[in-house]
Amino acid sequence: MKNVLIIGSTGQIGSELTMELRRRYKGDIVAGYIPGAEPKGVLQESGPSVIVDITNAKQIAEAVSKYKIDTIYNLAALLSATAEAKPQLAWKIGVDGLFNVLEVAREQHCAVFTPSSIGVFGNNTPKDKTPQDTIRNPRTMYGVTKVSGELLSDYYFIRFGVDTRSVRFPGLISYTTPPGGGTTDYAVDIYYSAVRGQKFVCPIAAGTYMDMMYMPDALHAAIQLMEADPSRLVHRNSFNIASMSFDPEIIFKAIKKEVPSFEMEYKVDPLRQEIADSWPNSLDDTCAREEWDWKPRYDLGSMTQDMLSHLKEKLLK
Ligand code: SER
């Protein structure tokens with residue numbers, strides 16, 4: 001029996017993670033949401049949901065107590081480009097919000113998963129095969145909140161014994177709920193254009209490599225890490241994980257192989273390009289592989305086939 005609270009359950013990760021947790025566990029898998037982002041359809045019908053605004057510590061505490069929650073998946077965040085437009089709000093959600101979650105977890109004995117990101121790295125971090133333990137000096141507010149979150153989560157583990165765990169997600173690619181305001185969003189949008197028969201206008205320049213991952217692997221990583229034997233964990237907040245690294249030309253060619261008429265042009269967005277240039281080309285995920293047997297299942301080819309077939313069903317039926 002597991003009782004889980006997902007904060008941000010209707011977002012890009014939450015909408016799929018909540019369903020996956022409901023498939024796997026018997027207890028209450030509670031979908032936390034903010035007004036205006038209510039769960040709909042199967043997400044709403046398949047289990048309990050509750051208003052939980054991460055900036056409201058009382059709401060978190062009441063939901064955790066009401067459902068006897070043992071694990072919190074804290075998925076509330078603004079993505080990188082939005083965080084640059086609203087840095088104060090990004091801090092309030094990413095750091096003050098996490099502090100609220102950790103305090104409730106300390107008082108009510110919950111484990112906490114909080115995603116970190118490739119965004120914790122900055123311009124003078126090694127770019128290729130970026131090591132697990134290296135310089136974290138981002139110049140974006142998104143990165144600042146994620147580094148702060150890693151430090152705060154490790155502090156709560158060391159000082160109070162709160163079972164905090166985290167992975168550094170790369171750009172996540174999925175067909176269910178679109179991301180919004182991220183730097184890696186182009187790698188999702190490109191599939192929508194291909195299926196709609198439209199030319200894709202790419203905001204990221206050719207030759208810009210970033211790590212990416214298909215959503216089923218990302219969900220698997222979060223759940224597998226939370227189930228991992230704690231005695232094997234040398235690290236906690238946060239693990240590098242990786243499955244594929246590509247630039248816009250490479251993903252374009254992978255899609256064109258399946259959709260021969262597909263076309264792309266470039267119109268680089270300076271903010272997103274600057275952010276992308278400051279991030280690694282690829283991460284070294286050896287520690288995750290050694291400490292909790294992380295292993296991705298999808299590569300660019302298999303992800304592309306799966307994305308296109310699901311999007312055709314979603315958009316063209
Ligand atoms: N997908 C995120 C972003 O682009 C990175 O973690 O902001």
Side-chain angles (χ1 to χ4, degrees), residues 5-14 17 32-34 37 51-64 69 71-108 110-122 125 133-170 172 179-184 222 225-226 235-240 271 275 278-279:
L5 172 65
I6 301 97
I7 299 178
S9 68
T10 59
Q12 191 203 10
I13 304 174
L17 184 66
Y33 66 95
I34 51 170
I51 294 179
V52 174
D53 181 337
I54 195 164
T55 64
N56 185 332
K58 194 161 165 268
Q59 268 177 7
I60 304 169
E62 283 172 2
V64 166
I69 297 296
T71 305
I72 301 172
Y73 283 82
N74 162 28
L75 307 178
L78 298 187
L79 290 183
S80 54
T82 309
E84 285 313 295
K86 300 176 184 171
Q88 296 82 0
L89 183 61
W91 178 271
K92 207 171 156 194
I93 293 171
V95 183
D96 295 343
L98 172 61
F99 180 78
N100 291 338
V101 171
L102 291 171
E103 272 296 286
V104 171
R106 180 180 69 79
E107 284 165 1
Q108 301 197 44
C110 307
V112 179
F113 175 86
T114 305
S116 187
S117 164
I118 53 174
V120 295
F121 299 117
T125 305
D133 300 312
T134 186
I135 301 162
R136 290 173 293 178
N137 66 338
R139 292 287 181 267
T140 61
M141 181 47 98
Y142 182 67
V144 168
T145 64
K146 290 299 183 190
V147 174
S148 306
E150 290 189 0
L151 295 172
L152 200 55
S153 297
D154 269 342
Y155 179 82
Y156 267 71
F157 171 65
I158 294 160
R159 177 79 168 77
F160 301 119
V162 177
D163 185 0
T164 55
R165 307 183 190 192
S166 169
V167 295
R168 292 176 182 140
F169 279 134
L172 297 182
T183 301
T184 57
L225 174 58
M226 292 314 283
H235 298 85
R236 278 178 170 267
N237 302 283
S238 177
F239 282 95
N240 282 3
L271 170 64
I275 296 173
S278 76
W279 288 353

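With sequence neighbours excluded, the residues forming a ring-ring contact (aromatic ring centres under 6.0 Å, His included) with Phe160 are Tyr156, listed by chain and number. Legend: residues meeting side-chain contact (heavy atoms from CB on, under 4.5 Å) with Ala85, ordered by chain and number and at least two apart, are absent. In this structure, the side-chain contact (heavy atoms from CB on, under 4.5 Å) partners of Thr125, at least two apart in sequence or on a different chain, are Phe121, Thr130, Thr134, Ile135, Asn137. Listed by chain and residue number, nothing satisfies the salt bridge (charged side-chain N to carboxylate O under 4.0 Å, His left out) test with Asp53 (two or more places apart in sequence, or in another chain). Applying the side-chain contact (heavy atoms from CB on, under 4.5 Å) rule to Ala37 yields the partners Thr10, Ile34; only residues at least two apart in sequence or on another chain are considered. The side-chain contact (heavy atoms from CB on, under 4.5 Å) search around Ala76 returns Ile7, Ile54, Asn74, Ile93, not counting sequence neighbours. Every side chain to side chain donor-acceptor pair (under 3.5 Å) that Ser166 has, sequence neighbours left out, goes to Ser238. Annotation: salt bridge (charged side-chain N to carboxylate O under 4.0 Å, His left out) contacts of Arg106 (sequence neighbours excluded): Glu103. Every residue two or more places apart in sequence or in another chain that forms a ring-ring contact (aromatic ring centres under 6.0 Å, His included) with Phe239 is listed here: His235, Trp292. Remark: Glu62 pairs with Lys58 by the salt bridge (charged side-chain N to carboxylate O under 4.0 Å, His left out) rule, at least two apart or across chains. Residues that satisfy the ring-ring contact (aromatic ring centres under 6.0 Å, His included) test with Tyr33, not counting sequence neighbours, are absent from this structure.
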Run Ser80 and Thr183 through side chain to side chain donor-acceptor pair (under 3.5 Å) and show every step you take.
CA-CA 6 Å; Ser80 54; Thr183 301; 2.6 Å; yes

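The stretch residues 148-158 participates, sequence neighbours left out, in these salt bridge (charged side-chain N to carboxylate O under 4.0 Å, His left out) pairs: Arg136-Glu150, Glu150-Arg168.
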